[in-house]
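As structure tokens, the structure follows; a few thoughts come after it.
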Amino acid sequence: MAAVRPLFLLLFLFPLRSLSVDSDKQPLLALKQSFTHADALTSWLPNSSPCSAKWFGVICLDGSITGLHLTGLALSGNIDVNALAQLPGLRTISFVNNSFTGPIPQFHTLGALKSLLLTGNQFSGQIPADYFSNLTSLKKLWLSHNQFTGTIPESVTHLSHLIELHFEHNKLTGRIPPMKQTSLKQLDLSHNMLEGEIPQSLSIFDENTFKGNEGLCGKPLLKLCTVQDNETLTPMSSATDEDNNKNDHKNDTALVLLFFAIVAFLFMFFACGTCSKRRDDEFSVLGREKMADDPVVQVHVPSSNRSRATSTDYSSRKGDSKKGSTNNNGKSGISDLVMMNHDRGAFGLPDLMKAAAEVLGNGGLGSAYRATMANGLSVVVKRMREMNRLQKDGFDEQMMWFGRLRHRNILTPLAYHFRREEKLLVSEYIPKGSLLYLLHGDRGISHAELNWPTRLKIIKGIARGMGFLHAEFACYDVPHGNLKSSNVLLSEDYEPLLCDYAFNPLINTTQAMQALFAYKSPEYTQYQQLSPKSDVYCLGIIILEILSGKFPSQYHNNGKGGIDVVQWVLTAMSENREEEVIDPEMASSTNSLKQMLQLLQIGAACIHSNPEQRLDMREAIRRIEGAQV
Ligand SMILES: *[C@@H]1O[C@H](CO)[C@@H](O)[C@H](O)[C@H]1NC(C)=O
Ligand SMILES: *[C@@H]1O[C@H](CO)[C@@H](O)[C@H](O)[C@H]1NC(C)=O
Ligand SMILES: *[C@@H]1O[C@H](CO)[C@@H](O)[C@H](O)[C@H]1NC(C)=O
């Protein structure tokens with residue numbers, strides 16, 4: 001299918017930077033149009049470009065718009081969310097302290113948002129219960145100091161990355177839905193009209209979180225709940241505004257019931273002291289459970305750390321470009337390829353440029369081409385755009401290190417080419433392709449070959465390769481950093497070959513966050529921490545992928561598509577339905593079921609969301625090697 005052309009055409013025909021800057025301008029101008037009062041946005045001019053001309057409040061990274069921070073500008077009118085939807089890089093939106101009114105705008109269509117700050121406006125009305133169901137990446141949600149009514153939307157309970165949630169100073173009614181996210185570090189529901197018992201999962205927050213809500217009871221408030229708090233208030237909370245009259249009657253009934261309840265409660269309290277004791281015991285049991293969770297809860301790396309990470313990022317970025325430009329002064333013409341590994345003979349840039357080439361694809365790190373040289377050697381050329389973290393000396397050293405690696409399950413690159421703005425990395429072309437392709441690509445053809453012994457061989461090979469990398473790059477935060485099925489190639493006899501490893505120190509952090517799978521581990525998404533255990537998480541995902549034959553949704557940046565293998569496997573295991581997870585295409589090898597389930601257990605022990613409770617690499621390998629029939 002793909003056209004075969006000389007590689008140099010493919011490499012130099014297309015400019016490196018996409019010309020997206022202009023396409024970013026129109027949506028912002030449309031947004032400005034939708035405001036009725038936008039005096040503060042005088043720098044947003046049609047004849048300039050948002051990032052290079054530094055439009056007020058527009059946050060850019062690498063020429064693409066990532067944030068819109070329009071705080072305290074007396075803006076009003078509409079917010080054209082359709083225009084914002086045309087900014088694919090947009091992750092953070094702040095309209096704090098402006099004068100917007102009306103129902104909450106359609107931000108729910110911006111699925112990649114990480115932070116939505118609308119505090120200090122006059123937004124009103126109910127927020128639909130499913131409003132947040134597609135905003136699965138949301139970490140910060142500030143809706144405080146508005147006029148929102150109705151109940152807390154149920155969909156916030158499913159935001160598994162949520163760190164900050166602010167609803168204070170609104171007119172919210174009804175019960176607090178059960179929020180169980182362990183990621184939650186800041187919660188403020190104060191000064192609303194919430195009622196009923198505070199869910200036990202939220203009793204770890206202090207009472208300021210809940211103050212100013214007359215109808216709330218239970219821990220951490222000093223007000224104990226009566227049975228009525230549970231029963232009679234539930235129907236009221238689901239009543240709509242039209243039901244106000246009925247509510248008045250219900251209020252009367254509720255008062256009467258409340259009176260009886262208090263009498264009953266006092267009776268219980270005095271007559272049956274053990275009951276209240278038992279209740280206390282329940283609380284203290286809960287308290288202990290909380291303590292057991294503490295390793296997760298107490299890794300305090302809240303938002304301040306995140307912003308620190310970003311700012312060092314910017315500074316290292318600046319440093320890079322400065323160093324880069326001095327480098328550039330010394331540069332004269334195009335330097336040649338540097339061979340780092342002569343296992344497949346030597347070749348130079350001219351050989352490569354003349355080679356017949358085709359595009360293999362575009363990934364998070366750049367584009368890949370296959371090039372077949374005159375001598376018949378077929379190679380993959382990866383063109384890396386964001387490998388700018390090291391200067392030339394450091395980069396050369398790193399490449400030479402890669403070139404010396406020899407392991408049966410490691411693909412050692414052959415050559416590289418350094419230019420300030422991009423790097424080429426050349427490796428042997430492996431005809432069978434990646435595990436990703438074999439598992440999910442052309443199912444009809446290849447799947448029959450993937451029987452259990454083959455899959456077990458692949459898992460063992462991956463584990464051995466990881467063991468080697470963890471010894472070799474033991475000093476790295478995360479030795480592989482990007483283990484996933486697209487980075488596992490397969491030799492003719494299904495021996496896995498790991499590639500694209502140990503890139504973390506080479507890539508700018510912001511890019512690494514997007515492109516390297518280790519950054520999708522729970523400890524990074526929640527606490528911005530990476531460790532060798534992050535590789536173990538990736539190993540766990542790939543084991544579950546191989547066992548189930550399903551594409552893990554974890555590989556997608558937005559978590560959409562594929563199957564959340566972590567949730568699926570944990571649920572199946574808790575309900576003793578492990579066998580349902582196993583790929584039905586392996587059903588013929590039912591006599592190996594025991595072994596498959598053993599591997600499933602190992603996979604599950606690798607994906608524990610708390611790295612402390614996750615296996616370490618050595619133990620994971622030991623168990624994989626020891627899997628018995
Ligand atoms: C918004 O306004 C309030 C009240 O004037 C102020 O306390 C708060 O700091 C402002 N928030 C931001 C982010 O500017
Ligand atoms: C979420 O996305 C699905 C599929 O794109 C869509 O049908 C649904 O309406 C969306 N829900 C919300 C609340 O945006
Ligand atoms: C409150 O009611 C719900 C559902 O009716 C029930 O599951 C829950 O156990 C009750 N809680 C208390 C504290 O009685």
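All residue numbers in this chain count up from 1 along the given sequence. None of the values given here were measured: they were computed from a predicted structure. Order of listing sets the numbers, starting from 1, for every ligand and every atom in it.
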Please verify the inter-ring angle class for F123 with F100; under 30° counts as parallel, over 60° as perpendicular, anything in between as tilted.
parallel

Does the plane of the ring in H169 sit parallel, tilted or perpendicular to the ring in H191? Use 30° and 60° as the thresholds.
parallel

contact_flag T109 ligand 2 heavy-atom lt 4.0 Å
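Contact absent.
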
Test your reading of the model: is there a side-chain donor-acceptor pair from N98 to the backbone of L73, 3.5 Å cut-off?
yes

If we ignore hydrogens and angles and just use 3.5 Å, is the side chain of S521 paired with the main-chain N or O of S534 as donor and acceptor?
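Checked: no pair found.
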
Give the C-alpha distance, both sets of side-chain angles, the deciding distance and a yes or no for side-chain contact (heavy atoms from CB on, under 4.5 Å) between N487 and F517.
CA-CA 10 Å; N487 288 334; F517 186 49; over 6 Å; no

Of the protein's non-hydrogen atoms, which lies at the shortest distance from atom 13 (C) of ligand 1, and what is that distance?
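For atom 13 (C) of ligand 1, the nearest protein heavy atom is V96 CG1, 3.7 Å.
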
Using a plain distance cutoff, I'd like to know if H108 has any nitrogen or oxygen under 3.5 Å from a nitrogen or oxygen of ligand 2.
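N/O-N/O distance under 3.5 Å: yes.
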
Using a plain distance cutoff, I'd like to know if D130 has any nitrogen or oxygen under 3.5 Å from a nitrogen or oxygen of ligand 2.
no

Evaluate the 4.0 Å heavy atom contact test for atom 5 (O) of ligand 1: does a protein atom fall under the cut-off?
no

Within 4.0 Å of atom 11 (N) of ligand 1 (strictly less), any protein heavy atom?
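So atom 11 (N) of ligand 1 has protein heavy-atom neighbours under 4.0 Å.
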
Numbered atoms of ligand 2 (with element) below 4.0 Å of S133, judged on heavy atoms:
13 (C)

Ligand 1 atoms in contact with T71 (distance to a heavy atom under 4.0 Å):
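Those atoms are 12 (C), 13 (C), 14 (O).
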
Trace of the ring pair (Phe, Tyr, Trp, His ring centres under 6.0 Å) decision for Y131 with F107
CA-CA 9 Å; Y131 187 89; F107 292 117; 7.7 Å; no

The one among L110, N134, L135 that brings a heavy atom closest to atom 3 (C) of ligand 2
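Ranked by closest heavy atom to atom 3 (C) of ligand 2, first place is N134.
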
Any ion pair linking E523 and R614 (charged N to carboxylate O, less than 4.0 Å)?
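So R614 pairs with E523 through a salt bridge.
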
Taking distance alone, with N or O pairs closer than 3.5 Å, would you say N97 contacts ligand 1?
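Between N97 and ligand 1, an N or O pair is found under 3.5 Å apart.
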
